[in-house]
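Report on the structure given below.
Note that the numbering runs from 1 along the sequence shown for the chain.
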Amino acid sequence: MSANENVLVGCIGGSGLYHLDNLTFVKKLDITTPWGKPSSPITISSLPSGDLIAFISRHGPHHTITPTEVPARANIAALKHIGCQAIVAFSAVGSLREEIAPGHFIIPDQIIDRTKGIREDTFFRGEGVVVHSMFGEPFSRKLNEFVAPKVEKILAEAEGNVKLHTGKTVVCMEGPAFSTRAESLMYRQWGGDIINMSVIPEAKLARECELDYTLICTSTDFDAWRVGEAPVTVEEVIKTLHTNAGNSRAVAAGLLQDVHDVVKEGKVLDEIKGSMRFACVTRADVQPEAAKKKFSYILPYFE
Ligand SMILES: CSC[C@H]1O[C@H](OP(=O)(O)O)[C@H](O)[C@@H]1O
Ligand SMILES: Nc1ncnc2[nH]cnc12
């Protein structure tokens, strides 16, 4: 790669966001990880400065992968393996709150996991090695705090003066069907503010790889909780998806250089980097060699 240096920042695009703007294409990487192939080839592009950014389309370039089937382990492992230290992911979400209107942006800081246990949500299962990552704060607090004011400023300058909400809780459901009214109302009582189908296991796997992970969400609908109004449909989601994707591209274009720079300086990494060093309960001398080799793809402690 005609690199200024490594690819330090990975970007994952969600529904409606299948490419980024204001970048110069460098190459596509067709990687196979020990956990299979990512959702899409990884597009490596350069920012105007020459610094490199990696991009993966979560549901594939033509949206052919369901939320349950997203190869999240391969996506995260591939980004880690090529040198990424931080991930800026995007997601289209439903709103569980009156004040979060379609079109608004949200950077959540908590997750309620309502997936059904059918997704591969850890690198450490079936390998004879027991690892427990810390996940009390599922997003990178420092990266969230770094990006929020920048996103707010970019949105204030964008058409429509789009609002940004921070400090919210995202519910992650299995799908693919949307929630029932009863579920939607229950999520509100639980403290959920927005809902999607993709933050789990992405956030867990990013943590297992010691990646700083932030999720920039765009609201597309009011889910199913508003009594007297029709529950969400794909038709409704698609109505706002296009505008939201345009705004997400503007956010990415205005944000990624700053994220790259702060990651390069090591400023946002001091909490999560190193967090897996003592997460393994299984003694090194009883860890199977094959497992160690596999894990060395994503973490230095198994080398
Ligand atoms: C198209 S509506 C449901 C779908 O949209 C969101 O995808 P993503 O998070 O990748 O933007 C949501 O999580 C569901 O997968
Ligand atoms: N209402 C909703 N529920 C789950 N995921 C979504 N993505 C966009 N809107 C959604």
Does a side-chain heavy-atom distance below 4.5 Å link Leu299 with Lys80? yes
Side chains of Glu202 and Arg58: closer than 4.5 Å at any heavy-atom pair? yes
For [Y], is there any backbone N or O sitting under 3.5 Å from a side-chain donor or acceptor partner on [X]?
| X | Y | value |
| --- | --- | --- |
| Gln110 | Glu137 | no |
| Asn6 | Leu8 | no |
| Arg114 | Cys172 | no |

Any salt bridge linking [X] with [Y]? Criterion: basic side-chain nitrogen under 4.0 Å from a carboxylate oxygen.
| X | Y | answer |
| --- | --- | --- |
| Glu127 | Lys294 | yes |
| Glu174 | Arg119 | yes |
| Arg73 | Asp121 | no |
| Lys239 | Glu236 | no |
| Arg283 | Asp285 | yes |
| Glu98 | Arg226 | yes |
| Asp113 | Lys204 | yes |

Closest heavy-atom contact between Ser91 and Leu215?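 Closest approach of Ser91 to Leu215: CB-CD1, 3.9 Å.
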Closest non-hydrogen atom pair between Val199 and Ile111, with its separation: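 Looking at all heavy atoms of both residues, the closest pair is CG2-CD1, 3.8 Å.
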Considering residues, nucleotides and ligands other than Arg277, do more than 12 of their heavy atoms fall under 6.0 Å from its CZ? no
Pairs of donor and acceptor atoms involving the side chains of residues 144-157, under 3.5 Å and at least two apart or interchain, shall be tabulated with distances.
unit_1: Asn144; atom_1: OD1; unit_2: Thr214; atom_2: OG1; d: 2.5
unit_1: Asn144; atom_1: ND2; unit_2: Pro108; atom_2: O; d: 3.1

For residues 97-128, pull every pair meeting ring pair (Phe, Tyr, Trp, His ring centres under 6.0 Å), keeping only residues two or more places apart or in separate chains.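 Of all non-adjacent pairs touching residues 97-128, those that pass ring pair (Phe, Tyr, Trp, His ring centres under 6.0 Å) are Trp35-Phe123, His104-His165, Phe124-Phe295.
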Specify whether Phe222 and Trp225 have parallel, tilted or perpendicular ring planes, treating 30° as the upper limit for parallel and 60° as the lower limit for perpendicular. perpendicular
Does the side-chain hydrogen bond (donor to acceptor under 3.5 Å, both in side chains) test come out yes or no for Gln257 and Ser49, once each step is laid out? CA-CA 8 Å; Gln257 182 67 57; Ser49 65; 2.6 Å; yes
